[in-house]
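Structure, as structure tokens:
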Amino acid sequence: MALETWLIKVKTALSHRKPLFSSSKPKRVTVLSFEIANVMSKLLHLWQSLSDANVVRLRNDVVSLEGVRKLISNDESFLLSLAVAEFADSLRLVADSVSRLSNHCHDPSLRSFRRVFTEFANSGLDPHNWILTTPKDIETRHRKMQHYVTLTATLHKEIDALTLLESAFKKALLNTDSNNNAEPHKKLHDLQQKIFWQKQEVKNLKERSLWNKNFDGVVLLLARFVFTVLARIKVVFGIGHSSVPFLSRSLSSVYPSDHQNPISSSSSSVSGPLKRSKLGEENEDLGGGFFESNCKVLKLKKGGDGDGDGDGDTLGASALALHYANLVMVLEKMIKSPQLVGVDARDDLYGMLPSSIRSSLRARLRGVGFSACDDHVLAGEWRDALGRILGWLAPLAHNMIKWQSERSYEQQNLVPKTNVLLLQTLFFANKEKTEAAITELLVGLNYVWRFEREMTAKALFECTKFNGLLTLQKPS
């Protein structure tokens, strides 16, 4: 009897025992809201970059840029493989952030996000049906994330404002202790009122933004959109076979077939260690994994750990892309107004040149006389030639500066602003070809600059001579 009573008590105690993950008080996002909003903004930006309009622009405009064709490759399939590799790398970084967040989830399926996502990337399997399959589902979650990002950014700003008010109140309180006038006390009262209303504003924003949302629900939203973006990338660039009709809506105008590509394999030109390959063929073999194979294409490995020959053939691999972009922009300004270029500016420009360009420049200028710059026709031809070179080289340099500056700016802001791909910059440009173009600009600038100086000196001489004649002809 006593044993039976004891067993009943044990059974009752076990039935009332709380589970390991209690559902009575679900986990909230709280302070992680700012990190999650940043991840959401990058995911939204990536999705927008894959819109029909941007994909058509990539297909028709970006890969057709004269500078891209001259310095990177004239093989359209190869250029598109660079684009898909950059999209894949951007998504990989976002997925890594989602994976770290998913480790803190209550739902076991979310905690296994990394494994499931890798399986989906490599084989296309989606065991949890996380891909959003209808326009309505995608639009609803897209708007929800945009709403969360906006509100969370506002919350961040209002919390900063509250911090400033509380700091001002503390300073005012210290001043009041040593002052018995009524005016400081009134200032304290006003600050207290402002702090009160500011706290109400922050509280309201916390309720509406990510701060007070269910953590698992928010991570699930991110996970489903990450799956959908990857499905969109595969569909847009013809990787594998998609079973999502909505995501396939713009495929026909994106990936070029063999008869659409006017560049034959014998005339293709690929710079650096990146080998030419058909995009579809390259991504059919997923033995090394979807993201691994695309990382090999992109060659964004830090520290130059490429395993192929000629890793320094591109400006990106040589860590010279940004420097050469700045150099081209300086040359562009000088070429527009050569008469305003002083000796100090020329010395500064020469100081920017790497040894390889200095050597080629000296070879080109060897034997050029100092009084040979008096040919108006040749000067005009040089101006036209410089304009043509800058016409295709300058856009890549400007895009390089924009890409770099906006990536740095992104560290301080929730929403990135740019749609510039590395493909549109000097990153993948062939080093030898780029240096040849810059050398040509320098040679032309040298001639035009000396021509302008000689013409100015002659004009001043003629003016001085004319004034001298007038002085001699004056009646004494």
Side-chain angles (χ1 to χ4, degrees), residues 65-72 269 271 315 318 320-402 404-405 424-427 429-467:
L65 286 172
E66 187 178 0
V68 170
R69 295 282 180 161
K70 284 181 178 293
L71 297 181
I72 301 177
S269 170
S271 67
L315 295 183
S318 306
L320 287 170
L322 189 59
H323 180 70
Y324 277 28
N326 284 311
L327 180 58
V328 170
M329 293 182 71
V330 171
L331 283 169
E332 183 182 25
K333 292 178 182 178
M334 288 184 171
I335 290 169
K336 285 181 179 178
S337 306
Q339 70 279 5
L340 301 180
V341 179
V343 176
D344 290 341
R346 289 187 77 214
D347 292 342
D348 291 340
L349 174 63
Y350 189 78
M352 294 179 66
L353 303 180
S355 58
S356 54
I357 293 183
R358 290 187 186 186
S359 299
S360 59
L361 181 61
R362 282 194 294 267
R364 287 290 304 275
L365 295 179
R366 188 175 294 122
V368 176
F370 288 99
S371 61
C373 297
D374 55 359
D375 189 337
H376 289 265
V377 176
L378 184 56
E381 291 176 355
W382 265 118
R383 287 194 185 95
D384 293 341
L386 293 175
R388 287 194 299 270
I389 295 173
L390 284 175
W392 55 263
L393 181 59
L396 300 188
H398 285 280
N399 285 338
M400 187 74 250
I401 300 296
K402 184 178 180 182
Q404 180 65 37
S405 63
Q424 299 168 258
T425 72
L426 290 174
F427 189 88
N430 180 276
K431 183 173 179 285
E432 184 179 347
K433 293 179 182 178
T434 307
E435 289 183 349
I438 291 175
T439 301
E440 196 72 10
L441 290 177
L442 289 165
V443 173
L445 175 61
N446 175 71
Y447 188 94
V448 173
W449 179 79
R450 285 164 53 194
F451 175 82
E452 291 288 344
R453 284 177 65 89
E454 287 200 16
M455 291 302 102
T456 302
K458 285 183 178 181
L460 289 174
F461 177 76
E462 293 295 334
C463 183
T464 304
K465 184 178 178 182
F466 180 72
N467 290 335

Mind listing the closest non-hydrogen atom pair of [X] and [Y] along with its distance?
X    : Y    : result
W392 : A437 : CH2-CB, 3.8 Å
V448 : L386 : CG2-CD1, 4.1 Å
L396 : Q424 : CD2-O, 3.1 Å
M334 : A345 : CE-O, 3.5 Å
W382 : E440 : CH2-OE2, 3.6 Å
A325 : I401 : CB-CD1, 4.0 Å

Residues L393, L441; criterion side-chain contact (heavy atoms from CB on, under 4.5 Å); working and verdict = CA-CA 10 Å; L393 181 59; L441 290 177; 3.8 Å; yes
Checking the side chain of [X] only, and the main-chain atoms of [Y] only, is there a donor and an acceptor separated by less than 3.5 Å?
X    : Y    : value
S405 : K402 : yes
R346 : N446 : no
H323 : M352 : yes

Return each pair, listed once, that meets salt bridge (Lys or Arg N to Asp or Glu O under 4.0 Å) where at least one residue sits in residues 381-393; pairs must be two or more places apart or across chains.
-> R383-E452
Result for side chain to side chain contact (heavy atoms under 4.5 Å, CB included) between T434 and one of L315, I72, I357, L327 points to L315
For side-chain contact (heavy atoms from CB on, under 4.5 Å), just list the numbers for L426 and L320, CA-CA rounded to whole Å, side-chain angles, deciding distance to a tenth of an Å, and then say yes or no.
-> CA-CA 9 Å; L426 290 174; L320 287 170; over 6 Å; no
In this structure, CE of M400 is separated from OH of Y324 (nearest 0.5 Å) by 14.0 Å
One should read off an interatomic distance between S337 OG and W449 CH2, to the nearest 0.5 angstrom, of 15.0 Å
S356: partners by side chain to side chain donor-acceptor pair (under 3.5 Å), with sequence neighbours left out = E435
L442 and L349, any side-chain heavy atoms less than 4.5 Å apart | yes
Flag side-chain contact, heavy atom, 4.5 Å: F451 against P338 = no
